Amino acid sequence: MDIEQLRSEFPILATEVNGHPLTYFDNGATNQKPQSVIDALSGYYKGYNSNVHRGAHALADKATQAFEHTRELLKEFVNAPKTEQIIFTKGTTEGINLVANTYGRANLQAGDEVIVSTMEHHSNIVPWQIVAQEKGATVRNIPISDEGEIIFEEFEKMLSDKVKIVSIVHASNALGTVNPVERIIEKAHEIGAVVLIDGAQSAAHLPIDVQALNCDFFVTSAHKMFGPTGMGFLYGKEDILNDMPPFMGGGEMIKEVSFDGTTFNTLPYKFEAGTPNIADTVAYAKAIEFINRYGKENIAAREKELLDYATKKLIEEVPTAKIIGTSSNKVSVLSFIIENIHNYDIGMMLDARGIAVRTGHHCTQPLMARYGLEGTVRASFSVYNTFEEIDNFIEALKRIVKMFG
């Protein structure tokens, strides 16, 4: 890939922060957007702003076609059998809440169990806790090793006919660990449980084939794959989605409404009540096209080179740093602490040099408790980052360590 050409597609990378060129290493929280996504967003409002599906005029037709084109692209992106199985959401969090509040409420009973892992984001813990408390069910967590990997043997011991749902992160936002989701799905299905995969950190980095995985649900967010915020999707198996009750009531999700009763629309509209996030859905298509144009394999290879380079430099040149999450199978996340320096102080001092990282617990407080930490510094890399940026980052860390020396 021509990295300079690729970088030129992201206008924000040409900006300065505190008098320094922006070095953006907070891609695990959200990554930056190419000009094509920005143009598509404004192009919708400038050229064909209209509601979708029900209008009998040219603007509505154009908006509907652009809106549904994104659904088609996502079907191909994750190899879903049908476009109807792609449900638009506000993102990963809403996707998990949708499943918890529909499938979970309809199927969990007293004494049942939901399994998650110790490394889950809060959005894949709290919705299950809310429903489990209501139903008298229990949420249990798979322990992890010091390296930040699921202890698979412990997971197998947890499996029984009480387990109805396994909801697991594909790649950890705080550690970078890629979980063995294929094996997890296979084992969960053996005891009749359904499986949800949180793909927030995997969709832009790893090959996703929902049919090969055989997952029952897959959720992710657009803004972590070069798309707009407030946008994402849920994939579900058709028979399960058809049996689930609606998530919200309103326009579009109905067939007929009377005061004697209401019948619900077919998939995917049954779960898409009200006027959708049309502009961001349209722009999402350009993010998918960006990934397809450069190739996910090429993007992943570039990000692995960046991660390997940064990891080696940190170990060799900042000896007081300790990496948290040392699995050999990771996405491009480098999470660490530095002896006797608070993670927030490190983040603030890096920001003074134009370097953006994330600090704190990363919405994974149970995981931080596992390691006895308040939080970490997290540098997360994307395809547009450079080795020179990593060199500057390491030099800045060395200065910080010297200041506290």
Side-chain angles (χ1 to χ4, degrees), residues 28-29 92-93 96 113-129 132 138-160 162-163 165-191 193 195-203 205-206 213 215 217-220 224 304 307 311 314-315 321-337 343 358-380:
T92 305
T93 298
I96 297 169
E113 294 177 354
V114 178
I115 291 180
V116 298
S117 81
T118 302
M119 68 179 76
E120 299 304 321
H121 191 281
H122 296 162
S123 61
N124 201 24
I125 299 173
V126 179
W128 301 115
Q129 288 178 328
T138 304
V139 178
R140 301 180 65 199
N141 62 294
I142 311 166
I144 63 170
S145 67
D146 291 344
E147 293 76 21
E149 297 177 334
I150 281 174
I151 303 174
F152 200 82
E153 296 76 15
E154 294 299 318
F155 167 63
E156 290 180 298
K157 291 176 185 176
M158 296 168 69
L159 295 174
S160 72
K162 292 181 180 180
V163 179
I165 299 166
V166 176
S167 193
I168 201 86
V169 67
H170 197 170
S172 166
N173 73 304
L175 305 175
T177 305
V178 178
N179 284 319
V181 292
E182 296 90 346
R183 294 174 65 201
I184 290 169
I185 293 164
E186 182 180 1
K187 287 293 180 182
H189 283 170
E190 286 177 4
I191 51 99
V195 184
L196 181 147
I197 300 299
D198 172 355
Q201 299 292 335
S202 67
H205 309 280
L206 304 174
L213 286 173
C215 58
F217 303 103
F218 182 91
V219 294
T220 195
K224 294 183 181 180
K304 185 179 187 306
L307 177 64
T311 302
L314 184 68
I315 292 170
K322 179 184 178 183
I323 296 173
I324 308 299
T326 55
S327 172
S328 59
N329 189 10
K330 293 174 63 173
V331 293
S332 50
V333 169
L334 182 59
S335 195
F336 62 94
I337 57 174
N343 62 83
R358 181 72 40 165
T359 64
H361 55 66
H362 316 299
C363 291
T364 58
Q365 287 181 316
L367 175 65
M368 292 298 131
R370 159 66 177 82
Y371 288 108
L373 299 172
E374 288 184 10
T376 68
V377 179
R378 185 187 69 188
S380 46

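What you see below is based on every heavy atom in this structure, not just the backbone, and it leaves out hydrogens, waters and symmetry mates. Owing to the predicted nature of the structure, the values given are computational and were not obtained by experimental measurement.
- Contacts classified as salt bridge (charged side-chain N to carboxylate O under 4.0 Å, His left out) and involving residues 371-380 (residues at least two apart or in different chains) are given here: Asp26-Arg378.
- Under the 4.5 Å side-chain criterion, counting only non-hydrogen atoms from C-beta, Ile125 is in contact with Pro366.
- Contacts classified as side chain to side chain donor-acceptor pair (under 3.5 Å) and involving residues 143-152 (residues at least two apart or in different chains) are given here: Ser145-Glu147, Asp146-Arg370, Glu149-Ser327.
- Under the side chain to side chain donor-acceptor pair (under 3.5 Å) criterion, Thr118 pairs with Asn141, not counting sequence neighbours.
- Under a 3.5 Å cut-off, the side chain of Asn343 and the backbone N or O of Gly360 do form a donor-acceptor pair.
- Partners of Thr92 under the side chain to side chain donor-acceptor pair (under 3.5 Å) rule, at least two apart in sequence or in another chain, are Ser221.
- Ring geometry, His122 versus His361: the interplanar angle falls from 30° to 60°, so the pair is classed tilted.
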- request: Take Ile184 and Phe152, measure what side chain to side chain contact (heavy atoms under 4.5 Å, CB included) needs, and give me the verdict at the end.
  value: CA-CA 8 Å; Ile184 290 169; Phe152 200 82; 3.8 Å; yes

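- For the atom pair CD1 (Ile151) and CE (Met158), the distance works out to 11.0 Å, reported to the nearest 0.5 Å.
- Across all non-hydrogen atoms, the minimal contact from Ser380 to Val333 is CB-CG2, 4.2 Å.
- Scored by the side chain to side chain donor-acceptor pair (under 3.5 Å) test, Thr376 finds Ser335, His362 as partners (sequence neighbours excluded).
- The two residues Gln201 and Ala171 come nearest to each other via the heavy atoms CB-O, 3.3 Å.
- Shown here for Thr220 and Gly199, the closest heavy-atom pair between the two residues is OG1-O, 2.9 Å.
- Separating the OG atom in Ser117 from the CG atom in Leu367 is a distance of 8.0 Å, to the nearest 0.5 Å.
- Judged by distance alone, with hydrogens and angles left aside, the side-chain atoms of Asn124 form no donor-acceptor pair with the main-chain N or O of Val116 at under 3.5 Å.
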- request: Kindly determine whether Lys330 and Leu175 satisfy side chain to side chain contact (heavy atoms under 4.5 Å, CB included), including the steps that lead there.
  value: CA-CA 8 Å; Lys330 293 174 63 173; Leu175 305 175; 6.0 Å; no

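- Residues Thr311 and Thr326 form no side-chain contact, since every pair of their non-hydrogen atoms from C-beta on lies 4.5 Å or further apart.
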- request: Go through the steps to decide whether Thr364 and Glu120 satisfy the test side chain to side chain contact (heavy atoms under 4.5 Å, CB included), and finish with yes or no.
  value: CA-CA 6 Å; Thr364 58; Glu120 299 304 321; over 6 Å; no

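- Taking each heavy atom of Ile96 and Ser123 in turn, the nearest pair found is CG2-O, 3.4 Å.
- The shortest heavy-atom contact between Val219 and Leu196 is CG2-CD2, 4.1 Å.
- The shortest distance between side-chain heavy atoms of Ile165 and Phe217 does not fall below 4.5 Å.
- Sorted by first and then second residue, the pairs that involve residues 178-188 and meet salt bridge (charged side-chain N to carboxylate O under 4.0 Å, His left out), not counting sequence neighbours, are Glu156-Lys187, Lys187-Glu190.
- To the nearest 0.5 Å, atom CD1 of residue Ile142 and atom CE of residue Met119 are 8.5 Å apart.
- Here CG of Leu373 is found 7.0 Å from NZ of Lys322. Values are rounded to the nearest 0.5 Å.
- The shortest side-chain heavy-atom distance between Val195 and Val181 does not fall under the 4.5 Å cut-off.
- When every heavy atom of Gly148 is checked against every heavy atom of Thr177, the shortest pair comes out as O-OG1, 2.8 Å.
- Considering CZ of Phe155 and CZ of Arg140, their distance stands at 11.0 Å, rounded to 0.5 Å.
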